[in-house]
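The model shown is predicted, which means the values in this text are computed figures rather than measured ones. FYI, the numbering just counts along the sequence from 1.
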Amino acid sequence: MNPGAVQSTTDPYIRHPREIAAAVTLPAAAVALTAPGPPTVSSAGAAAITTACGALATRIALVRHLADPNAPEPRRIRPYDPIHEGPPLALRGSGPAPDAEALRVAGERCAATWRAWRAQGAPDDERIGVAGALALGAWCAWALGSGPRAEVRAQHALETDPHDPMAALVLRSVLADSAPAWHG
């Protein structure tokens, strides 16, 4: 049995360990993605990004954060709650235009995280989080209007984890020639 996929049988409010780890590392991942400086990422930053991107709800929180021009300080980011919140408008390219440079840097840091993982010999226990990070990087490229870059990143994310929903969404958007409204 995979301990990362087991839900608590004693407490209905304890979810999957991967989701808990993702929620705990969400602020560190937001800092790693949005810190000023070159689009490189430290090994600690890559670990935070990979862990936070291991759950879809935390990735959606990162989309919401990256797209919000008035986003709170990264350490104050909160997880996305799919029961009480609708998906962020930015996920489908609506709403105010995000900061292009912040998206570019975050997308490059996500891609760098995936490249470093591949160079290390691809440990299987990080596969879902790394694919999630690259899927987030694909969304960043799509949000910037770079369909070809978004397509390549989404395809690599799906090669890493064929079941990644964000990578599939980005790839479908690119193949449908759908672009964010802020580029229209």
Peer 1: Show every salt bridge (Lys or Arg N to Asp or Glu O under 4.0 Å) that has at least one partner inside residues 79-89, sequence neighbours left out.
Peer 2: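 Counting only pairs at least two positions apart or across chains, the salt bridge (Lys or Arg N to Asp or Glu O under 4.0 Å) contacts touching residues 79-89 are Arg64-Glu85, Arg78-Glu85.
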
Peer 1: For Ala100 versus Leu144, what's the shortest heavy-atom pair and its separation?
Peer 2: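 In terms of heavy atoms, the two residues are closest at O-CD2, 3.4 Å.
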
Peer 1: Can you check whether Asp68 reaches Pro98 side chain to side chain, under 4.5 Å on heavy atoms?
Peer 2: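 SC-SC contact between Asp68 and Pro98 ruled out.
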
Peer 1: Kindly write out the residues that satisfy salt bridge (Lys or Arg N to Asp or Glu O under 4.0 Å) with Glu159, not counting sequence neighbours, or none if the list is empty.
Peer 2: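 Per chain and number, Glu159 pairs via salt bridge (Lys or Arg N to Asp or Glu O under 4.0 Å) with no residue.
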
Peer 1: Using 0.5 Å steps for rounding, measure from the OG1 atom of Thr160 to the CZ atom of Arg118.
Peer 2: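 CZ of Arg118 is found 6.5 Å from OG1 of Thr160.
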
Peer 1: Where do Val41 and Ala46 come nearest, in terms of heavy atoms and distance?
Peer 2: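 Scanning both residues completely, I find the closest heavy atoms to be CG2-N, 3.5 Å.
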
Peer 1: Please lay out, stage by stage, how Trp139 and Arg153 fare under the test side-chain contact (heavy atoms from CB on, under 4.5 Å).
Peer 2: CA-CA 9 Å; Trp139 178 84; Arg153 286 178 178 172; over 6 Å; no

Peer 1: Within the structure provided, determine whether Pro165 and Leu56 are in side-chain contact (heavy-atom separation under 4.5 Å).
Peer 2: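 Side chain of Pro165 against side chain of Leu56, heavy atoms only: contact under 4.5 Å found.
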
Peer 1: Going through the distances and angles, do Arg76 and Glu73 end up as a salt bridge (Lys or Arg N to Asp or Glu O under 4.0 Å)?
Peer 2: CA-CA 6 Å; Arg76 300 180 71 89; Glu73 196 260 336; 5.9 Å; no

Peer 1: Are any side-chain N or O atoms of Arg109 and backbone N or O atoms of Pro38, one a donor and one an acceptor, separated by less than 3.5 Å?
Peer 2: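 Confirmed, Arg109 side chain pairs with Pro38 backbone.
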
Peer 1: Give, for atom CD1 of Ile20 and atom OG1 of Thr25, the distance between the pair rounded to the nearest 0.5 Å.
Peer 2: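 The distance works out to 12.0 Å.
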
Peer 1: Give the intermediate values and the outcome of side-chain contact (heavy atoms from CB on, under 4.5 Å) for residues Val170 and Glu151.
Peer 2: CA-CA 7 Å; Val170 171; Glu151 182 176 357; over 6 Å; no

Peer 1: Are Ser173 and Trp142 close enough that a side-chain donor and a side-chain acceptor fall under 3.5 Å?
Peer 2: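 Checked: Ser173/Trp142 side chains show no N/O donor-acceptor pair below 3.5 Å.
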
Peer 1: With salt bridge (Lys or Arg N to Asp or Glu O under 4.0 Å) as the test, would you mind laying out the steps for Arg149 and Glu108 before giving the verdict?
Peer 2: CA-CA 11 Å; Arg149 177 171 285 164; Glu108 288 300 318; 3.6 Å; yes

Peer 1: Indicate if Leu91 and Val174 have the same hydrophobic cluster label, given that clusters are the connected sets of ILVMFWY residues with side-chain heavy-atom separations under 4.5 angstrom.
Peer 2: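 In one cluster: yes.
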
Peer 1: For Pro79 and Ala23, work out which heavy atoms get closest and say how close.
Peer 2: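 Closest heavy-atom pair between Pro79 and Ala23: CG-CB, 4.3 Å.
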
Peer 1: Starting from Val63, can I reach Val31 by hopping between I/L/V/M/F/W/Y residues whose side chains sit under 4.5 Å apart?
Peer 2: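 Val31 does not cluster with Val63.
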
Peer 1: Decide side-chain contact (heavy atoms from CB on, under 4.5 Å) for Tyr80 and Thr58; before the verdict, give the C-alpha distance in whole Å, the side-chain angles of both, and the deciding distance to 0.1 Å.
Peer 2: CA-CA 6 Å; Tyr80 166 74; Thr58 45; over 6 Å; no

Peer 1: Under a single-linkage definition using a 4.5 Å side-chain heavy-atom cutoff for Ile, Leu, Val, Met, Phe, Trp and Tyr, are Leu33 and Val105 assigned to the same hydrophobic cluster?
Peer 2: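 No, separate clusters.
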
Peer 1: Mind checking the CD1-CZ spacing from Ile49 to Arg59? Nearest 0.5 Å is all I need.
Peer 2: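 Ile49 CD1 to Arg59 CZ: 13.0 Å, rounded to 0.5 Å.
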
Peer 1: May I have the step-by-step check of side-chain contact (heavy atoms from CB on, under 4.5 Å) for Thr50 and Trp114, ending in yes or no?
Peer 2: CA-CA 9 Å; Thr50 299; Trp114 174 79; over 6 Å; no

Peer 1: Indicate the atoms forming the closest heavy-atom contact of Ala22 with Ala52, along with that distance.
Peer 2: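 Between these two residues, the closest heavy atoms are CB-O, 3.6 Å.
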
Peer 1: With hydrophobic residues grouped by side-chain heavy-atom distances under 4.5 Å, do Leu169 and Leu136 end up in a single group?
Peer 2: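 The answer is yes; both residues are in one hydrophobic cluster.
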
Peer 1: If you take all heavy atoms of Ala106 and Cys140, which pair is closest and at what distance?
Peer 2: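 Nearest pair, atom of Ala106 first, then Cys140: CB-SG, 4.2 Å.
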
Peer 1: What's the spacing between Ile128 CD1 and Thr51 OG1 if we round to 0.5 Å?
Peer 2: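 Interatomic distance, Ile128 CD1 to Thr51 OG1, rounded to 0.5 Å: 12.0 Å.
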
Peer 1: Between Ala167 and Ala157, which heavy-atom pair has the shortest distance, and what is it?
Peer 2: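 Distance-wise, the nearest heavy atoms are CB-CB, 3.7 Å.
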
Peer 1: Mind checking the NE2-CG spacing from His156 to Asp161? Nearest 0.5 Å is all I need.
Peer 2: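 Taking NE2 in His156 and CG in Asp161, the distance rounds to 15.0 Å.
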
Peer 1: Quick one: pull up SG in Cys110 and CG in Leu66 and give me the separation to the nearest 0.5 Å.
Peer 2: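 Here the interatomic distance stands at 7.5 Å.
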
Peer 1: For the hydrophobic clusters of this structure (ILVMFWY residues joined by side-chain heavy atoms under 4.5 Å, transitively), does one cluster hold both Leu171 and Leu134?
Peer 2: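 They do not share one cluster, since no chain of ILVMFWY contacts under 4.5 Å joins Leu171 to Leu134.
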
